[in-house]
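Step one of this worksheet: look at the structure below.
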Amino acid sequence: MKHILALSVICLILITSCSKPDITASSEIPKGKFELQQVELFPNEMKINIPRDFEIMTDEMAELKYPNGNRPSPIYTNNEGSVNVAFNYTSTELTDKELKDYLKNMKSMFENLYPSATWYESKMVEINNKKVGYLELLTPAIDTQVYNLIFLAEMNNRLLLVNFNCTESEMTEWIPTAKEIMYSLIID
């Protein structure tokens with residue numbers, strides 16, 4: 001009996017300590033229908049794929065979309081300004097070990113800020129050998145609902161936030177591309 005119990009404990013330890021397969025295996029990366037191109041940001045600290053026809057949002061449009069003055073930069077957008085990929089390399093100090101707790105706190109903050117939001121997922125994944133946390137939700141806006149895929153990672157001991165967003169009417173078309181963008185993240 002003792003041997004069976006010991007063997008069970010060893011098996012449990014082996015199963016739980018085995019590393020998970022790399023989520024970035026090509027068969028598991030979502031593919032959207034929009035052509036992407038790789039860009040390098042923050043003095044060559046990171047690379048990410050964004051839609052080829054997106055351009056950096058003008059200052060005037062950014063002031064309208066992000067009126068509180070604390071706007072991300074750069075913000076890539078489509079011609080209509082309805083689909084965006086915004087980057088914020090913050091001054092917040094963060095280590096990989098703190099990322100999971102930061103994600104949990106961020107989710108709690110969003111739940112308080114948007115109690116009527118529709119939540120799809122909040123999760124930690126590994127992308128190109130880097131821990132990444134993400135929130136996926138639909139939040140209310142003035143005249144529509146907005147789909148958000150917010151992902152965060154540590155970069156040089158600071159918090160990097162990336163937010164893909166689009167209107168609810170466009171989300172079905174754009175969700176696969178949003179996830180493809182997230183899974184393309186490379187932090188050097």
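Keep in mind that the numbers below use all heavy atoms, side chains included, and drop hydrogens, waters and symmetry copies. Keep in mind it's a predicted model, so treat the numbers as computed, not measured.
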I'd like to check the ring-ring contact (aromatic ring centres under 6.0 Å, His included) partners of [X]; sequence neighbours left out, ordered by chain and number.
X: Tyr120; value: none
X: Tyr134; value: none
X: Tyr89; value: Phe42
X: Phe87; value: none

Exercise for the section: Working to the nearest 0.5 Å, report the span between CD of Glu126 and CG of Asn128. Expected result: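 Glu126 atom CD to Asn128 atom CG measures 9.0 Å (nearest 0.5 Å).
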
Practice task
Would you give the length of the straight line joining atom CG of Leu94 to atom CG of Leu161, rounded to the nearest 0.5 angstrom?
Solution key: 9.5 Å

Report yes if some heavy atom in the side chain of [X] is under 4.5 Å from a heavy atom in the side chain of [Y]; otherwise report no.
X: Asn79; Y: Asp53; answer: no
X: Glu93; Y: Glu98; answer: no
X: Ser184; Y: Leu36; answer: no
X: Leu152; Y: Tyr102; answer: yes
X: Met171; Y: Leu138; answer: yes

Problem - Listed once per pair and sorted, the salt bridge (Lys or Arg N to Asp or Glu O under 4.0 Å) pairs that draw on residues 110-121, sequence neighbours left out - result: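 Found Lys107-Glu111, Glu121-Lys123.
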
Handout entry: Where at least one partner belongs to residues 151-168, residue pairs that pass salt bridge (Lys or Arg N to Asp or Glu O under 4.0 Å), sequence neighbours excluded
Key = Lys130-Glu154

Handout entry: Results of side-chain hydrogen bond (donor to acceptor under 3.5 Å, both in side chains) for Glu180 - residues two or more places apart only
Key =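 side-chain hydrogen bond (donor to acceptor under 3.5 Å, both in side chains) check on Glu180 returns Lys31.
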
Practice task
Enumerate the residue pairs fulfilling ring pair (Phe, Tyr, Trp, His ring centres under 6.0 Å) with a member in residues 47-85, sequence neighbours excluded, ordered by first and then second residue.
Solution key: Phe54-Trp174

Problem - Nearest heavy atoms of Pro74 and Leu41, plus distance in Å - result: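 That closest heavy-atom pairing would be CG-CD2, 3.9 Å.
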
Who passes side chain to side chain contact (heavy atoms under 4.5 Å, CB included) against [X], sequence neighbours left out?
X: Glu40; answer: Asn44, Lys47
X: Asn148; answer: Leu137, Thr139, Val146, Ile150, Asn163, Asn165
X: Lys65; answer: Met57, Met61, Asn84
X: Glu55; answer: none

Exercise for the section: Report yes or no: do Tyr147 and Glu170 form a side-chain donor-acceptor pair below 3.5 Å? Expected result: no

